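Here, residue 1 is the first one in the sequence, and each next residue gets the next number. Predicted model only: the values in this text are computed from it and were never measured.
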Amino acid sequence: MILGLIFMSIQTALWLYGRSVALNAAQEGVSRLRLVQPPVYNRGVGEQVRQDIQAYAEQLGGTTLRNAKVEPPAYNNPEGMVSFTVTGDTVSLVPGLTLRVKRTATGPIEQFEADDK
């Protein structure tokens, strides 16, 4: 019974860490892309940031977050919001058990304005 609780505690910690990695990668993507001004943004810019975040998630997750996938960003100019979604599988101590995580981060696009002096 105690051994089962120990394994369950370790599995829960691994799952929570995988969620944390996915959320951290999504937040990093939002932080980078929200500084891109709407006239400058295009799909190429979004894809470059997505690739950077994909590499970041793989490096940060190591073997804990497997099959990390970063979806293309949602850059909504009229609404002024940008979001990233990161998915992946956490390490499982139980053979055949797949624990999937999906985390999304959203933030406003920064709007820079000139001083009226």
Side-chain angles (χ1 to χ4, degrees):
M1 182 74 157
I2 291 180
L3 199 57
L5 287 174
I6 291 171
F7 275 111
M8 202 160 96
S9 298
I10 293 171
Q11 184 64 66
T12 301
L14 289 170
W15 179 72
L16 289 172
Y17 180 71
R19 281 177 41 118
S20 176
V21 167
L23 182 59
N24 190 292
Q27 289 173 335
E28 180 66 24
V30 168
S31 293
R32 290 185 188 182
L33 203 54
R34 66 188 292 226
L35 297 176
V36 177
Q37 296 299 293
V40 178
Y41 180 79
N42 59 40
R43 288 186 186 185
V45 172
E47 179 59 22
Q48 181 61 46
V49 173
R50 190 201 68 75
Q51 289 175 0
D52 291 347
I53 298 307
Q54 177 78 36
Y56 179 75
E58 290 170 358
Q59 181 184 17
L60 186 63
T63 58
T64 306
L65 184 64
R66 298 178 179 168
N67 305 321
K69 181 179 180 243
V70 180
E71 296 176 10
Y75 189 92
N76 301 319
N77 181 19
E79 293 85 22
M81 299 299 283
V82 62
S83 68
F84 265 95
T85 300
V86 178
T87 59
D89 301 324
T90 59
V91 171
S92 176
L93 299 176
V94 179
L97 177 66
T98 302
L99 298 173
R100 195 129 184 88
V101 295
K102 180 177 182 178
R103 304 302 288 164
T104 301
T106 304
I109 298 170
E110 294 288 333
Q111 298 290 332
F112 300 107
E113 298 177 3
D115 290 334
D116 292 335
K117 289 185 179 182

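Pro38 meets the side-chain contact (heavy atoms from CB on, under 4.5 Å) test with Tyr75, Asn77, Ile109, Gln111; sequence neighbours excluded. In terms of the side chain to side chain donor-acceptor pair (under 3.5 Å) criterion, residue partners of Glu28 (sequence neighbours excluded) are, by chain and number, Arg32.
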If you look only at distance, which donor and acceptor atoms sit under 3.5 Å apart when one is on a side chain in residues 56-66 and the other is two or more places apart or in another chain?
residue : atom : partner : partner atom : Å
Tyr56   : OH   : Asn24   : OD1          : 2.8
Glu58   : OE2  : Gln54   : NE2          : 2.9

Pair up each side-chain donor or acceptor in residues 96-105 with any protein partner under 3.5 Å, not counting sequence neighbours, and list the distances.
residue : atom : partner : partner atom : Å
Arg100  : NH1  : Asp89   : OD1          : 2.5
Thr104  : OG1  : Thr85   : OG1          : 2.9

Contacts table for residues 46-53: side-chain donor-acceptor under 3.5 angstrom, sequence neighbours left out:
residue : atom : partner : partner atom : Å
Glu47   : OE1  : Arg50   : NE           : 3.1
Glu47   : OE2  : Arg50   : NE           : 3.3
Glu47   : OE2  : Arg50   : NH2          : 2.9
Glu47   : OE2  : Gln51   : NE2          : 3.1
Gln48   : NE2  : Asp52   : OD1          : 3.1
Arg50   : NH1  : Val70   : O            : 3.2

Please list, one pair per line, the donor and acceptor atoms closer than 3.5 Å that link side chains of residues 2-14 to other protein atoms, with sequence neighbours excluded.
residue : atom : partner : partner atom : Å
Ser9    : OG   : Leu5    : O            : 2.8
Gln11   : OE1  : Leu93   : N            : 2.6
Gln11   : NE2  : Val91   : O            : 2.9
Thr12   : OG1  : Met8    : O            : 2.8

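Hydrophobic clustering, with ILVMFWY side chains joined whenever heavy atoms are under 4.5 angstrom apart, groups Tyr41 together with Val30. Placement of Phe84 and Val45 within a single hydrophobic cluster is found when ILVMFWY residues are connected by side-chain heavy-atom separations under 4.5 Å, directly or transitively.
Between the side chain of Arg34 and the backbone N or O of Pro108, at least one donor-acceptor pair lies under 3.5 Å.
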